[in-house]
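Everything numeric here is computed off the predicted structure, so don't read it as measured data.
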Amino acid sequence: MPAQTSQPAFTASPDSPEDLFRRSLRLLLAKDIPAWVDLWAEDGVAEFPFAPDGWPRRLEGKEAVAAYMRHHPDHFDLHDFPDLHIHRTDDPHTVVAETRGVGRLVQTGAPFDMTYIVVVTVRGGRIASYRDYWNPLAVQAPGADFTGSAR
């Protein structure tokens, strides 16, 4: 069973999956999408197993991830990622993170609160794989569709 950790429970090396994931959350809060994308390997893959129809389920390569995230701050004003728990796995390059993203939807001002479970694998200090198990019902609210799927 993987050990559960939260913020200061252990010290991670600068290139560890734990540190890289925490850095990615700070960049999302700062709305610095170019810096967030810079954390990715050129051939990194993002997967969204629960993505609704019209939303991508798999993004291959850093450029695809950048295009997907480009307009994220125009739709989501994230304020915090509370309840962060990072679980180590048997693979030292992979962690499982649980957290919530809270803030508001920019278009409507409505509150935003989504729970995430993310499996992150790091290679060479960059994100190589990012499987994001987010709730597809949350993006059905007006102002949440930043991918242009126009459902």
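- Side-chain contact check for L39 versus R23: some heavy-atom pair is nearer than 4.5 Å.
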Legend entry - Verdict with reasoning, I127 to L20, per side chain to side chain contact (heavy atoms under 4.5 Å, CB included): CA-CA 8 Å; I127 297 169; L20 195 63; 3.6 Å; yes
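- Looking at V106 and F76, their side chains never come closer than 4.5 Å, going by heavy atoms from C-beta outward.
- Here the CZ-CD1 distance, from F21 to I86, works out to 6.5 Å after rounding to the nearest 0.5 Å.
- Using a 4.5 Å heavy-atom threshold, the side chains of V96 and I117 count as touching.
- Between W40 atom CH2 and M69 atom CE the span is 9.0 Å, to the nearest 0.5 Å.
- H71 places none of its side-chain heavy atoms less than 4.5 Å from the side chain of P73.
- One finds no salt bridge joining K62 and D43 here, because no Lys/Arg side-chain nitrogen approaches an Asp/Glu carboxylate oxygen to under 4.0 Å.
- Considering only residues two or more places apart in sequence or on other chains, R58 meets the side-chain hydrogen bond (donor to acceptor under 3.5 Å, both in side chains) condition with E47, E60.
- From D32, atom CG reaches atom OG of S24 across 12.0 Å, with rounding to the nearest 0.5 Å.
- Nearest heavy-atom pair, P52 versus P136, reported as atom, atom and distance to 0.1 Å: CD-CB, 3.6 Å.
- Using a 4.5 Å cut-off on side-chain heavy atoms (C-beta onward), W134 and M114 make contact.
- The shortest distance between side-chain heavy atoms of L59 and F48 falls below 4.5 Å.
- The six-membered or imidazole ring of Y133 lies away from that of Y116, with a centre-to-centre distance of 6.0 Å or more.
- Here CG of D113 is found 10.5 Å from CG of L78. Values are rounded to the nearest 0.5 Å.
- Using a 4.5 Å cut-off on side-chain heavy atoms (C-beta onward), E42 and E63 make no contact.
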Inset, instruction - Assess whether side chain to side chain contact (heavy atoms under 4.5 Å, CB included) is satisfied between R70 and V37, documenting all intermediate values. - result: CA-CA 9 Å; R70 182 171 292 119; V37 171; over 6 Å; no
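- Side-chain contact of H79 with D77: a donor-acceptor pair under 3.5 Å is present, judged by distance alone.
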Inset, instruction - Apply the test side chain to side chain contact (heavy atoms under 4.5 Å, CB included) to residues Y130 and V119: give CA-CA distance (whole Å), side-chain angles for both, the deciding distance (0.1 Å), then the verdict. - result: CA-CA 6 Å; Y130 192 98; V119 180; over 6 Å; no
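- Between L84 and L25 there is a side-chain heavy-atom pair separated by less than 4.5 Å.
- The closest side-chain donor-acceptor pair between T94 and T121 falls under 3.5 angstrom.
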Legend entry - Chi angles and distances behind the side chain to side chain contact (heavy atoms under 4.5 Å, CB included) call for T115, D83: CA-CA 9 Å; T115 300; D83 308 322; over 6 Å; no
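- The main-chain N or O of A51 is found under 3.5 Å from a side-chain atom of R57 such that the two form a donor-acceptor pair.
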